[in-house]
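Side chains are part of it too, since the values below use all heavy atoms of this structure and drop only hydrogens, waters and symmetry mates. Given the structure is predicted, the values throughout are model-derived calculations rather than measurements.
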Amino acid sequence: MTTRAALLVLADGRFPAGGHAHSGGAEPAVEAGRIRDAQDLAGFCLGRLNTTGLTSAALAAAAAHGLDPLALDEAADARTPSPALRAVARRLGRQLMRAARATWPGPGLDALATARPRGAHQPVVLGLTARAAGLGLQDAAHCAAYEAVSGPATAAVRLLSLDPFEAAAVLARLAPELDRVAAEAAAAARQGIDALPAASAPLLDITAEAHAAWPVRLFAS
């Protein structure tokens with residue numbers, strides 16, 4: 001049975017899935033001067049939502065819909081050209097898997113954990129977690145889309161000493177676009193793996209590689 005309370009738990013930034021340690025590309029963007037204030041943050045989040053956010057949301061929706069998680073993991077690999085981001089996605093997937101199996105244990109999560117002991121891509125694990133929690137594919141898509149923008153917004157507060165109210169306002173104003181992206185992702189998931197979007201953000205890939213080599217950084221990615 002679908003429960004909205006489970007969606008709130010899964011999307012909560014305090015859920016112990018490791019996302020708080022990652023900026024979603026915001027840290028190198030701040031360092032390069034591309035994010036300086038709330039207006040810049042809004043533009044960054046909008047671009048991220050419609051590229052990697054859409055791709056992640058579709059992968060999560062497909063997993064929640066019951067498509068083969070191993071095939072989806074391969075599809076996620078193909079859609080993540082940056083080795084640094086592939087490593088991050090699997091590390092986050094492994095952390096989410098630990099939290100998910102403790103919270104909503106089930107055979108689907110167990111099977112993927114056995115098949116991918118070093119971690120599957122986080123959106124795929126997210127979708128399976130949503131399925132184990134009794135949520136639908138659009139719920140999973142919403143959760144992934146929200147993660148795509150909430151991480152950078154939270155990071156910007158720490159990196160820029162941005163007013164938290166301004167960061168919250170950025171996320172609130174993105175709500176209609178979040179809904180649209182989640183609906184597009186869910187529609188693609190219903191059509192099968194071959195229909196999943198592969199939207200990319202090359203600058204995020206490039207800066208992720210550079211960021212991984214920084215000797216000192218606040219966020220893991």
Side-chain angles (χ1 to χ4, degrees), residues 7-57 60 80 82-100 103 119 121-123 125-126 129 142-175 177-178 181-182 200-221:
L7 178 59
L8 295 175
V9 172
L10 187 56
D12 192 333
R14 292 163 294 188
F15 189 68
H20 66 279
H22 298 265
S23 77
E27 185 167 24
V30 168
E31 177 67 20
R34 287 189 291 274
I35 300 178
R36 295 162 296 179
D37 53 28
Q39 183 176 349
D40 292 340
L41 175 63
F44 179 88
C45 287
L46 183 62
R48 180 173 166 78
L49 176 62
N50 282 283
T51 52
T52 58
L54 172 62
T55 301
S56 295
T80 313
S82 163
L85 290 181
R86 284 199 298 272
V88 165
R90 292 193 180 281
R91 189 159 62 246
L92 284 171
R94 185 169 63 247
Q95 177 67 22
L96 175 57
M97 179 67 79
R98 290 179 60 195
T103 310
H121 278 259
Q122 192 268 358
V125 180
L126 177 62
T129 302
H142 266 105
C143 191
Y146 178 69
E147 284 185 351
V149 294
S150 61
T154 301
V157 171
R158 296 173 62 185
L159 291 162
L160 294 170
S161 297
L162 188 69
D163 185 337
F165 296 127
E166 289 189 277
V170 167
L171 295 178
R173 293 185 188 113
L174 282 172
E177 194 68 8
L178 277 163
V181 167
S200 63
L203 187 57
L204 286 179
D205 296 326
I206 293 167
T207 56
E209 292 299 313
H211 183 266
W214 287 9
V216 178
R217 56 184 187 266
L218 184 60
F219 291 93
S221 70

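For the side chain to side chain contact (heavy atoms under 4.5 Å, CB included) with C45, the lone residue among V149, I35, D40 that qualifies is V149.
Side-chain contact between H22 and Q122: absent, with no pair of heavy atoms (C-beta onward) separated by less than 4.5 Å.
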Pair L126, L10 - check side-chain contact (heavy atoms from CB on, under 4.5 Å), show working. CA-CA 9 Å; L126 177 62; L10 187 56; 3.7 Å; yes
Evaluate T55 against S200 for side-chain contact (heavy atoms from CB on, under 4.5 Å), listing each step before the verdict. CA-CA 8 Å; T55 301; S200 63; over 6 Å; no
Given the rule in the side-chain contact (heavy atoms from CB on, under 4.5 Å) test, do F44 and L204 qualify, once you have shown the distances and angles that lead to the verdict? CA-CA 10 Å; F44 179 88; L204 286 179; 3.8 Å; yes
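Considering every non-hydrogen atom in both E147 and P152, the closest pair reads O-CD, 4.3 Å. The two residues T80 and R86 have their closest heavy-atom pair at O-NH1, 2.7 Å. Here the shortest heavy-atom pairing between P123 and S56 reads CB-O, 3.5 Å. A38 approaches V170 most closely through the heavy-atom pair O-CG2, 3.7 Å. Closest approach of L162 and A167 over heavy atoms only: CD2-CB, 4.2 Å. Between L92 and A17, the shortest heavy-atom distance links the atoms CD2-O, 3.9 Å.
Note that CG of L171 and CG of L41 are 7.5 Å apart. Values are rounded to the nearest 0.5 Å. Considering NE2 of H211 and CG of L85, their distance stands at 10.5 Å, rounded to 0.5 Å. Separation of atoms CZ (F15) and CG (L8) is listed at 12.5 Å; rounding is to 0.5 Å.
When the shell of 6.0 Å around CZ of R173 is examined, it contains 12 or fewer heavy atoms from other residues, nucleotides or ligands. More than 12 heavy atoms of other residues, nucleotides or ligands sit less than 6.0 Å from atom CD of E209.
Remark: the backbone N or O of F219 is paired with a side-chain donor or acceptor of E27 at under 3.5 angstrom. With N50 contributing its side chain and L46 its backbone, the two residues share a donor-acceptor pair below 3.5 Å.
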